[in-house]
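The structure appears below as structure tokens.
This is a predicted model, so every value here is computed, not measured. Remember, it's 1-based here, ligands and their atoms both numbered in the order they're listed.
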Amino acid sequence: MKKLAIFASGAGSNAQQIMKRFRNHADIEVSLIVCNRPGAGVLNIAQTAGIPKLMIERERFMKGDAYIPELENFGIDVIILAGFLWKVPNRLVDAYRGRILNIHPALLPSHGGKGMYGMNVHESVIADQDTKSGITIHLVDELYDHGAHIFQADIPILPGETPASLATRIHELEHRYFPAVIEKFLLGADCPIDLSSIESMTP
Ligand code: GAR
């Protein structure tokens, strides 16, 4: 059994979709939800699903042992960042190299880097008058939004598109693809994973 820890700071809609896909899965289980923000929606979602939660605090995460002992105690194999807004410290990157995935709500390398999260990203896409946006799922390394790409999918920017409407459409794209991409990655697919191979998977 491959054990996942999902790190999330906010509403947790991606975490919820991931939990749904792997409930009763033969080979993959969501074993832990890691959260840095008391009151975050993802905590209720974990509670309802009966998945253990770990609240982390900044000093120990950034400058201490990065909670690696807890992750090891839970037997975590792979870390999924699903709307997790702190930078992952080098110590954790090192301990889980090649085994930390992040989802970014734009087509990296555009609109990435420090401060580029949530609505900031969609505002930047609209301000630049891009003709398309999308999602990037990538490995995490020591630099923001920098590791090798695992998967990208895009959508056209529609006439009259606003950051809010784009955010809704990007969320839909994330929910459609992120759980399936995680599954393919964990089951050993060649990367980057192409869209058609995800679309042909059973939901
Ligand atoms: C998602 O859109 C994710 O791509 C984004 O935060 C949102 C979390 O939504 N992540 C980043 O911006 C990271 N730079 P959720 O809590 O509903 O899953």
One pair to check against salt bridge (charged side-chain N to carboxylate O under 4.0 Å, His left out): Arg97 and Glu142. What are the steps and the verdict?
CA-CA 10 Å; Arg97 190 164 305 276; Glu142 284 80 356; 2.6 Å; yes

Under 4.0 Å from one or more heavy atoms of Gly83, ligand 1 contributes atoms 6 (O), 8 (C), 10 (N)

More than 12 heavy atoms of other groups within 6.0 Å of Tyr144 OH
yes

the protein heavy atom lying closest to atom 9 (O) of ligand 1 turns out to be His171 NE2, 3.1 Å

Note to self: Is a donor from one side chain sitting under 3.5 angstrom from an acceptor on the other, for His149 and Thr136?
What the structure shows: no

Closest heavy-atom pair, Leu101 versus Val140, reported as atoms and distance to 0.1 Å, is C-CG2, 4.2 Å

protein heavy-atom neighbour closest to atom 17 (O) of ligand 1 works out as Ser13 OG, 2.5 Å

Of all protein heavy atoms, the one nearest atom 11 (C) of ligand 1 is Pro105 CD, 3.6 Å

With a cutoff of 4.0 Å, is Val121 in contact with ligand 1, counting heavy atoms of the residue only? no

among protein heavy atoms, the one nearest atom 14 (N) of ligand 1 is Met116 O, 3.3 Å

Here the pair of heavy atoms bringing His138 nearest to Asp145 is CE1-CA, 3.6 Å

Of all heavy-atom pairs linking Ser31 and Ile51, the shortest is C-CG2, 4.0 Å

- Just distances here: any N/O of Gly12 and N/O of ligand 1 closer than 3.5 Å? yes

for atom 3 (C) of ligand 1, nearest protein heavy atom and its distance come out as Glu174 OE2, 3.4 Å

Taking only non-hydrogen atoms of Gly118 and a 4.0 Å limit, the atoms of ligand 1 in range are 12 (O)

Note to self: Counting only heavy atoms not in Lys53 (residues, nucleotides, ligands), do more than 12 fall under 6.0 Å from its NZ?
What the structure shows: yes

Looking only at protein heavy atoms, what sits closest to atom 13 (C) of ligand 1 is Ile103 O, 4.0 Å

One finds that the ligand 1 atoms under 4.0 Å from a non-hydrogen atom of His104 are 14 (N)

| query | Taking the six-membered ring where the residue is Trp, are the ring centres of Phe84 and Phe61 under 6.0 Å apart? | reply | yes

